[in-house]
Amino acid sequence: MHEVVRLRRLRISPAIRSMVRETDLRPSRFLYPVFVREGEGIREPLNSLPGVERVSVDVLVNDVAPRAEELGVAGLLVFGIPSVKDELGSMAYSREGIVQRAVRALRASGYRGVIATDVCLCQYTSHGHCGVVRNGKVVNDETLELLARTAVSHAEAGADVVAPSAMMDHQVAAIRRALDREGYTDTLIMSYSAKFASSLYGPFREAAGSAPAFGDRSTYQMDPANAREAVREVELDVAEGADIVMVKPALFYLDVIAEVRRRFNVPIAAYHVSGEYAMIRAAGRLGWLNDLQVELEALMAIRRAGADVIITYSALEVAELLRGGR
Ligand code: PBG
Ligand code: ZN
């Protein structure tokens, strides 16, 4: 009887294909990472991240944010490039820090997208680690207080979502407690729950100036070999009050996204990281493939694996492509 079944009938025309498509890709699922620095009128292109720039607050507010909003991109994930660093990363939690000022300016501009902020210390510390260093070690519990202060300062500036990425144990609980104590009960936490110690962060570290000065991040970020442990990380973050959990990187960890989707009912974000983006773009520049089409396929794969939200440097370009009906 199987000869009556013809699956090609489901592919017979664009209209039929679009009607039965299982997974959709919309800009309302995208968060666009932005790198904000000091200065005015600045758009500094990044060598390792073609198409991505470090921008000053005025450019962010007057150009980048309106463009993202107009394209229907869900929101921005704000990263700060401070002009000074110190041992304890104090510009991460200063009221006058670059992220705090950028968020206040975005708020004041009437930008209607989601304002999310990265909460970590590595761009702000002189040693480039994500936490406080004592005797050459990244110490957990002392770091929690600084991460909580950072998150509160972002909420105070007007962030909708704070996204802790330091991979310290109990960072979500510490941040939730501090936010609630200060009255920011409506601020969401999107936790970088399963963040792997990946070599795919290289271009980002160049962009953000956040490479560790000694050692690596493998005592706090996860071993790429561990999928079961990723489930434990997510479990803990959900218990501590994370509103959205994240898997990062995305493409090399689709199995982890799928497993988290199967086991939890919380929204899942996936970070299509700088190295994934750079590889695809580089091959495009060499003329080896159509990079924008490959990006579309990559984002579709991340959605198909089960991610609700995708953080991607291609957000604006892909949104434009989708608007054109691809
Ligand atoms: C910092 C941070 C990193 C990324 C996001 N937040 C780098 C790191 O952990 O070294 C990576 C993003 C990317 O590669 O696109 N905690
Ligand atoms: Zn960090």
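Both counts, for ligands and for their atoms, begin at 1 and track the order of listing.
- Ligand 1 is approached by K195 to a heavy-atom distance shorter than 4.0 Å.
- Inspection of the Q293 and N290 side chains reveals no N or O donor paired with an N or O acceptor under 3.5 Å.
- A cation-pi geometry, defined here as NZ or CZ lying under 6.0 Å from the six-membered ring centre and within 45° of its normal, holds between K248 and Y201.
- Side-chain polar atoms of R281 and S314 form a donor-acceptor pair below 3.5 angstrom.
- The shortest separation from a heavy atom of Q221 to ligand 1 is under 4.0 Å, placing the residue in contact.
- For ligand 1, the atoms sitting less than 4.0 Å from at least one non-hydrogen atom of V273 are 13 (C), 14 (O), 15 (O), numbered in the order shown with element in parentheses.
- Using the six-membered ring where Trp is involved, F196 and Y253 have ring planes that are parallel, under 30° apart on the 30 and 60° scheme.
- A donor-acceptor contact closer than 3.5 angstrom links the side chains of S153 and Q100.
- Contact annotation: H129 places no N, O or S atom under 2.8 Å from the Zn ion (ligand 2).
- Interface atoms of ligand 1 facing Y313, defined by a heavy-atom separation under 4.0 Å, are 12 (C), 13 (C), 15 (O).
- Ranking the protein heavy atoms by distance from atom 10 (O) of ligand 1 puts R205 NE, 2.6 Å first.
- Annotation for I16 and L10: closest pair CG2-O, 3.4 Å, computed over non-hydrogen atoms.
- Considering every non-hydrogen atom in both H154 and V103, the closest pair reads O-CG1, 4.3 Å.
- Contacts between S165 and ligand 1, counted as non-hydrogen atom pairs separated by less than 4.0 Å, involve both the backbone and the side chain.
- With a heavy-atom cut-off of 4.0 Å, Y277 does not touch ligand 1 at all.
- The Zn ion (ligand 2) forms the vertex of an angle spanning SG of C120 and SG of C122; to the nearest 10 degrees it equals 120°.
- Inclusion of R217 in the set of residues having an N or O under 3.5 Å from an N or O of ligand 1 is warranted.
- For atom 14 (O) of ligand 1, the nearest non-hydrogen atom of the protein is S274 OG, 2.7 Å.
- With ligand atoms numbered from 1 in the order given, ligand 1 contributes 6 (N) to contacts under 4.0 Å with heavy atoms of D118.
- Distances between N or O atoms of S210 and those of ligand 1 include no value under 3.5 Å.
- In this structure, the ring of F214 has its center less than 6.0 angstrom from the ring center of H129.
- Only the side chain of C122 comes within 4.0 Å of ligand 1, counting heavy atoms alone; its backbone N, CA, C and O stay farther away.
- Of the N and O atoms on the side chains of S165 and D118, at least one donor lies less than 3.5 Å from an acceptor on the other residue.
- Distances shorter than 4.0 angstrom occur between a heavy atom of K248 and an atom of ligand 1.
- Between F79 and F204, the ring center distance clears the sub-6.0 Å criterion.
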